[in-house]
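To keep things clear, I will list the structure first and then write my remarks on it.
Values below: every heavy atom of this structure, side chains too, minus hydrogens, waters and symmetry copies. The sequence lines fix the lettering, A, B, ..., with proteins before strands; numbering per chain opens at 1. Just so we're clear, the structure is a prediction, and the values are computed from it rather than from any experiment.
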There are 2 protein chains.
Amino acid sequence: MNWVILAPIAAVVSILFGGYLFYRVYQAPVGTKEAARVQRAISEGANAYLRILYLALVIVAAILAIILIFLFGIWTAVAYVFGALCSALAGYFGMQVALMANAKSATAAQEGLTKAFPLAFSAGGVMGMAVVGLAALGMSVLYLIFEDPEIILGFSFGASSLALLAKAGGGIYTKTADIGADLVGKVELTLPEDDPRNPAVIADNVGDNVGDVAGMGGDIFDSYVASAVAVMILGAALHAGDAELYPIGYVTLPILFAAGGILASIVGMFFVRTSEGENPTRALNMGTYATTIVFAILSLGIVFLLNLSMAVFWANIAGLIAGIVIGMTTDYYTSIDGQAVKNTAEASQTGTAINILTGFSYGLLSIVPPIIGIAGATVIAYFVAQGMGISGLYGISIAAVGMLSVTGMIVSSDAYGPIVDNAQGIAEMSGMDPEVIAVCAQMDAAGNTAKAITKGFAIGAAGLTVLALFAAYAETVGLTSLDLLNPIVIVGMFLGAMMPPVFSAMLILSVGRNAFKMIEEIRRQVREIPGLLEGTADPDYASCVRIASQGALWELIGPGLLAFLAPLGVGFVLGPRALGGFLGGSIFVGVIFALFMANSGGLWDNAKKYIEDGALGGPGSEEHKAAVVGDTVGDPFKDTAGPSINTLITVMSLIATVFGPVISRYALPVVFGWFS
Amino acid sequence: MNWVILAPIAAVVSILFGGYLFYRVYQAPVGTKEAARVQRAISEGANAYLRILYLALVIVAAILAIILIFLFGIWTAVAYVFGALCSALAGYFGMQVALMANAKSATAAQEGLTKAFPLAFSAGGVMGMAVVGLAALGMSVLYLIFEDPEIILGFSFGASSLALLAKAGGGIYTKTADIGADLVGKVELTLPEDDPRNPAVIADNVGDNVGDVAGMGGDIFDSYVASAVAVMILGAALHAGDAELYPIGYVTLPILFAAGGILASIVGMFFVRTSEGENPTRALNMGTYATTIVFAILSLGIVFLLNLSMAVFWANIAGLIAGIVIGMTTDYYTSIDGQAVKNTAEASQTGTAINILTGFSYGLLSIVPPIIGIAGATVIAYFVAQGMGISGLYGISIAAVGMLSVTGMIVSSDAYGPIVDNAQGIAEMSGMDPEVIAVCAQMDAAGNTAKAITKGFAIGAAGLTVLALFAAYAETVGLTSLDLLNPIVIVGMFLGAMMPPVFSAMLILSVGRNAFKMIEEIRRQVREIPGLLEGTADPDYASCVRIASQGALWELIGPGLLAFLAPLGVGFVLGPRALGGFLGGSIFVGVIFALFMANSGGLWDNAKKYIEDGALGGPGSEEHKAAVVGDTVGDPFKDTAGPSINTLITVMSLIATVFGPVISRYALPVVFGWFS
């Protein structure tokens, strides 16, 4: 019996469950006319951005599809386009529901937390279910038709192309708008956050959706599929070598794990319940723990079903535990109750520079627990697998898949974050009561924690995934070892190690340039539109939205080309061995930069909130001003560069693996016999 | 004939020439009573610091010497102590002369640039000659007695222990004082730079000497000796394997290169001449170029004399060229005329945060040319050596030695920097004429450029040196390959990659904590000493000096223990293969962090100067305030963490190599047969 058939069934269940959650959101009332008006403006802005994002995607996908047709035939190209499409659809659905839920959550908050929280979480759940449903559907259908991991590699590459555009573009968009709105609105004009007189306020709200919902969804979709593909490639090589020791279940395992993860996430969602006055973070954590436990049990069944070594189960548990450790430690470093945040806030007493230096330093220190988590999962998964008689590298790839199995639940909590963030914004912009705003604020605080945990999780998962892809790449090009004492590997590592910092720098400079344009535009509107500051005339929201969108995609060209061309250049000019070193260098440095940037950004943000909550002189004090600068420095760290590095290292690893067969045959050193 | 005898002769010549330069400085007049008084205060502060630094060194050295006696016998321990002593002596002499030259250069500036510049440069030259003279003397005498590279490895480890204390401690000291003096003095009290009413002004001037003179001298002494030792270890292994192909000259080469480098540096110093009104940077660059060319010629002679492959010559040239490329590109990114500095200054128009983000990003981009330089030198040296029939890894180690051969000249220009910086301070504090201050400012600007170039050079040299040490470590523990697909190597790399960021974070947090104490003390003095701000009462300089000194050494304990214990812990618990990965990870990430931090700090500093020179609203404008914050953020980047990372990666590589034989026998995985 081909158990793979369970996966499309689970995928359909997932999509149906997502449809049910959508219906719950759909039938909730929008509320006041004013709220509906604000929501419409945000929706229009977000959809305008999505249109040009998808246009850019069509161009990129068309070029790459043509290349893939020539190199690998029509079906790889079809799988590629299908992958980009599935990921784009998941992002599209998720974002539409998020947009719809913004105002509805604010309205529901008038009836209290127990009304508003389930609504907002259901809306996040649509995104979660769409990501895992469409990913599982795409992979399983392709596998049932072709039974070839190479085709699914094409699917993964498609998803990754979309993720790079969505994540980096969304990251530039959201921070352009946020910084612009803050620096002119809050600092120069001293308007409160989310004030409707601020011309960039709609762009700022759009940014939360395109960056945190669509972007993060694309990113995790990407890791989710890539980790599965790495297992399938390694499994297929093992199966080809020794079909008795490695039955076909070693290849189909990640597809069934995906099915199990979907069921576990649906069960987990029923544990997400809160009561009036309770902190919603607890509810979200309960959901994650429940999902993890249910999945652990299901995975044991799958391992028996496919007749695999118990080592697979234990490697999977190592990944799951590492995921939880990474999430918890991220929470420790960025939590508003933690010592790192307090010390950073207190450093503001000595001025802006010390606030920045302190947050920067804690961000660097915060990499320790997650890296030990990743390293621990790697070594445990490897030696457990080897000790129980199967391939150690295969064990590592299972740890990655295990960690990502709970994706459905993780994405749901994550997408909940920007929804309640915007709900609070809409509540303020449409003039709701202070108690309603307080409920929204409570939901928002839980959303910030959820976002921080998800980011740590996404980076940890990407770290393990690229290690698995690294092994898959070595398998594809036939490298049995990669010697660090070989100078061509050293050179590859140096070049790869430069990529994350250079890519980050390009994105941050893009945000700076684009925010500059945004600031000029806001200042122009304040100058030229009479009655704007008095609230008697509406600002021109659309022109701010346009600047953020166009700038984001325009600025994406440089970093995007770098991500696609650098691995190909290294591979073809310096050969497959150098490309192996290149991937290695980019992984180690990439994980460090991604973690450091995400966490330092998060802790600067909370140091500011800590002061805004009344500590150290409170809002308006010199300490607060210093903390606001720290937060602004952290904005592109945590929402643009940091999370995009995940996608960068996944994309580069996939490119190397996809083009591996061509590179190992036509690279200059191979053709001319250099470096041998 | 044993040509090694030439080295102690050259070393003595170097020390004599240094004595001559010292005499020139000694006989110059101190000038006004006021200047002499300021100078005495600085000297007292610096010597107070040196006393406790050397006390700390004695404790560390005693502990390590005892361990070395037990493990490797008395002579390794003696060599270790001798290494620490030579490096300490070089730092001591260099700093005494620098202290003496501060006021004398200011006084000489009254007679114009052509009087003051040679005096200041001569004083720097004492440090340069002391470093290369004592290093060459120590290495050559030990070699002549023992003819054993392992003994010289002990010498190198001693120098490295001192370097870690001097560089990191000096770095914390100088920035504690600088930030304290700036934040209270310049920002809160709006005193000008170097105002004698500022209680931290003497500590600030002391800091320039202990950080930039003694610290940097120790750092380069360390790299200089370590690169030579790496060549000797690799050469000895080759010689032992095939004495016909590799005559003993492959072992003694770096000692003779040191001798050649001394002569080249002395010749080069005669090219450092400037005329009235000319930019002294040109003179310093002329000296460097002349030294490089003379050394290239001498190195050809040495290769013939020792009857070595011409590959050695070419590998050496690759190193020399890489050194120049790294220096030039550092100059490009941090120069006040460059686009990066201008863009960072202009970013201040949008506020502090964008200034910081822009400088941060350019700092990240600035790593590209030097890393390509290091990678290029690595690959060229390797393949030239291999192509001409000798060991490729030996070729890489020669590139490192080649790059460092011009150390005499480089350290001289570098030590010139803080001397003229302080000369300007003394000119201002003792109330000299504006024209005199202008001459001092011109010399100081050239000093800043020299400092930036030297930092790039020091990091590049450290990068190549640790690659050579990496090969020497592999040789010592008998690793013929280090496979990146081996999970224990991966785990080692993850752990090693964390070291530079964690070490940096610890140092920066130390500066923050210590600066906080300093700020409190300054505020206390302003509050409690009547007449201080009116200039009628003297501040208590000594208490600020004490806070900076004690804090610096106290804060050093954590990072120091980390640097010593982490490689030993990884080696003994995870084994020699993991330790290899650990070194690899620390090298790639370390080079990136060191370059990024040194360069971004330099460019923030110059962005501030660019505005102070009148651009964008000039001093006192909002843009200036933003740039001052950027400069303060950059201070510990460029003067504490960045340059200390060099020393960190050298120390860790040396520890691994020194303890390699013990680790490869007694590590847990070796004893229990794990991970095999």
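- Heavy atoms closer than 4.5 Å to chain B are found in the side chain of A:Tyr382, but not in its backbone.
- Ranked by heavy-atom pairs under 4.5 Å with chain A, the first of B:Leu509, B:Val502, B:Thr632, B:Val589 is B:Leu509.
- Only the side chain of B:Ala474 comes within contact range of chain A, judged by heavy atoms closer than 4.5 Å.
- Contact annotation for A:Phe593: only side-chain heavy atoms (C-beta onward) come within less than 4.5 Å of a heavy atom of chain B.
- Heavy atoms of B:Ile508 lying under 4.5 Å from chain A belong to its backbone as well as its side chain.
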Taking it one step at a time, do A:Leu482 and B:Asp483 satisfy side chain to side chain contact (heavy atoms under 4.5 Å, CB included)?
CA-CA 5 Å; A:Leu482 195 60; B:Asp483 186 5; 4.0 Å; yes

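- Between B:Met597 atom CE and A:Phe360 atom CZ the span is 4.0 Å, to the nearest 0.5 Å.
- Chain A forms more heavy-atom pairs under 4.5 Å with one residue of B:Asn343, B:Ile356, B:Leu485 than with any other, namely B:Leu485.
- Of all the listed residues (B:Val379, B:Val368, B:Val628, B:Thr378), the one sharing the greatest number of non-hydrogen pairs under 4.5 Å with chain A is B:Val368.
- Residues A:Ile592 and B:Pro501 come closest through the heavy atom pair CG2-CG, 4.1 Å.
- Among the candidates B:Leu365, B:Ile354, B:Thr358, the residue making the largest number of heavy-atom pairs closer than 4.5 Å to chain A is B:Leu365.
- Heavy atoms closer than 4.5 Å to chain B are found nowhere in A:Ser366, neither backbone nor side chain.
- Listed here is the closest heavy atom pair of A:Ile490 and B:Phe588: O-CE2, 3.7 Å.
- Looking at A:Leu183, the atoms closer than 4.5 Å to chain B (heavy atoms on both sides) all sit in the side chain, from C-beta outward.
- Between the CZ atom in A:Arg577 and the CG atom in B:Leu484 there is a gap of 11.5 Å [rounded to 0.5 Å].
- A distance of 11.5 Å separates NZ of B:Lys175 from CG of A:Leu357, quoted to the nearest 0.5 Å.
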